[in-house]
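Report on the structure given below.
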Amino acid sequence: MSARVLLSKNRLELAHLDDIIRIEAEPRQGGLGESAFVRSLFQTFLAHRERRLGNLLKAVRSGDMRDVRSHSHELKSACLAIGCERAAAISGKIEALARGDRSVKSRRRYLVAAWCERLEKELVELDAEVRRTIKIP
């Protein structure tokens, strides 16, 4: 069974992990949560999610758009690695807005803060879905 069937199409898209899941599950006919690699991947993501988001929010509050770009890029990459395309797209939007910011009073800073709020909500919902689907405490 494909990972895409097991997970919500709204939050996680794990087509890129289908081969790994199939290979690891073949001998014992396990599912998504039985793959040691997949569990490790998601546990690592969840363990670092709050720190990564905290670093991004701190950079936004300080107005350091170079750090905003860096932290949003890091989050985008982490989200793509686990197949969370919505959170990755939001992180990419934040990165792009921060890249174009040259003025202290730029409207982009307001938009960056607004997108960060949306990203924070998305990551909370993602956390719940991952824990429910992969059965990580």
Side-chain angles (χ1 to χ4, degrees):
M1 182 180 288
S2 167
R4 284 178 275 168
V5 174
L6 296 173
L7 297 173
S8 164
K9 291 181 182 178
N10 294 330
R11 286 257 176 267
L12 296 170
E13 181 60 51
L14 297 181
H16 64 291
L17 296 178
D18 279 345
D19 286 339
I20 293 167
I21 294 165
R22 187 176 31 49
I23 290 166
E24 287 192 7
E26 234 168 46
R28 63 184 184 283
Q29 296 302 314
L32 177 65
E34 309 241 343
S35 166
F37 170 77
V38 172
R39 286 183 70 77
S40 174
L41 181 69
F42 282 96
Q43 285 172 330
T44 300
F45 176 82
L46 294 177
H48 297 284
R49 177 186 67 85
E50 285 186 38
R51 177 190 52 81
R52 286 179 176 138
L53 181 62
N55 288 342
L56 174 60
L57 296 175
K58 181 179 174 184
V60 169
R61 283 190 301 272
S62 76
D64 186 339
M65 290 297 119
R66 184 177 300 185
D67 277 352
V68 170
R69 284 191 308 272
S70 175
H71 293 302
S72 59
H73 182 81
E74 181 184 4
L75 262 167
K76 178 179 72 175
S77 298
C79 291
L80 286 173
I82 65 162
C84 185
E85 294 176 4
R86 284 171 47 178
I90 295 168
S91 298
K93 179 74 172 173
I94 294 166
E95 181 182 10
L97 285 166
R99 184 175 294 120
D101 192 325
R102 299 284 184 256
S103 167
V104 173
K105 295 187 179 194
S106 169
R107 172 156 165 71
R108 288 177 187 246
R109 292 186 188 222
Y110 168 78
L111 293 172
V112 164
W115 278 108
C116 283
E117 286 180 27
R118 180 64 194 110
L119 178 61
E120 187 171 15
K121 290 176 186 173
E122 182 66 26
L123 290 174
V124 167
E125 292 170 12
L126 173 64
D127 186 287
E129 183 168 332
V130 166
R131 291 179 190 282
R132 184 176 57 252
T133 304
I134 310 295
K135 296 181 178 65
I136 296 173

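Everything numeric here is computed off the predicted structure, so don't read it as measured data.
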Could you walk me through whether Leu126 and Phe45 pass the side chain to side chain contact (heavy atoms under 4.5 Å, CB included) test, one step at a time?
CA-CA 11 Å; Leu126 173 64; Phe45 176 82; 3.6 Å; yes
Side chain to side chain contact (heavy atoms under 4.5 Å, CB included) for Arg86 and Arg118? Distances and angles first, verdict last.
CA-CA 10 Å; Arg86 284 171 47 178; Arg118 180 64 194 110; 3.6 Å; yes
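In terms of heavy atoms, Ala88 sits closest to Lys76 at O-CG, 3.5 Å. Contact between Cys79 and Leu123 at its shortest, heavy atoms only, is SG-CD2, 4.1 Å. When all heavy atoms of His71 and Ala59 are compared, the pair lying nearest together is CD2-CB, 4.1 Å. The nearest pair of heavy atoms linking Leu119 to Ile94 is CD2-CD1, 3.9 Å. Shortest non-hydrogen contact noted between Leu53 and Glu120 is CD2-CG, 3.5 Å. Annotation for Ala81 and Leu41: closest pair O-CD2, 3.7 Å, computed over non-hydrogen atoms.
For Thr44, the side chain to side chain contact (heavy atoms under 4.5 Å, CB included) partners at least two apart in sequence or on another chain are Ser40, His48. Looking at residues two or more places apart in sequence or on another chain, you find no salt bridge (charged side-chain N to carboxylate O under 4.0 Å, His left out) involving Arg61. Qualifying side chain to side chain contact (heavy atoms under 4.5 Å, CB included) partners for Glu50, counting only residues two or more places apart in sequence or in other chains: none. Applying the side chain to side chain donor-acceptor pair (under 3.5 Å) criterion to Asn55, with sequence neighbours excluded, gives no partner residue. Annotation: side chain to side chain contact (heavy atoms under 4.5 Å, CB included) contacts of Glu117 (sequence neighbours excluded): none. Taking Lys93 as the reference, nothing meets the side chain to side chain donor-acceptor pair (under 3.5 Å) condition, with sequence neighbours excluded.
Ser91 places a side-chain N or O within 3.5 Å of a backbone atom of Ala87 that can act as its donor or acceptor partner. With Ser72 contributing its side chain and Arg69 its backbone, the two residues share a donor-acceptor pair below 3.5 Å. The closest donor-acceptor contact from the side chain of Arg52 to the backbone of Glu74 lies at 3.5 Å or more, if one exists at all.
Of the charged side-chain nitrogens involved, at least one lies within less than 4.0 Å of a carboxylate oxygen, so that Arg99 and Glu95 count as a salt-bridged pair.
If you chain together hydrophobic residues whose side chains sit under 4.5 Å apart, Leu56 and Tyr110 fall into the same group.
Going from atom OG of Ser70 over to atom CG of Leu75 covers 10.0 Å, rounded to the nearest 0.5 Å. Here Glu129 contributes atom CD and Glu122 contributes atom CD; the two are 9.0 Å apart, rounded to the nearest 0.5 Å.
Around atom CZ of Arg131, more than 12 heavy atoms belonging to other residues, nucleotides or ligands sit under 6.0 Å away.
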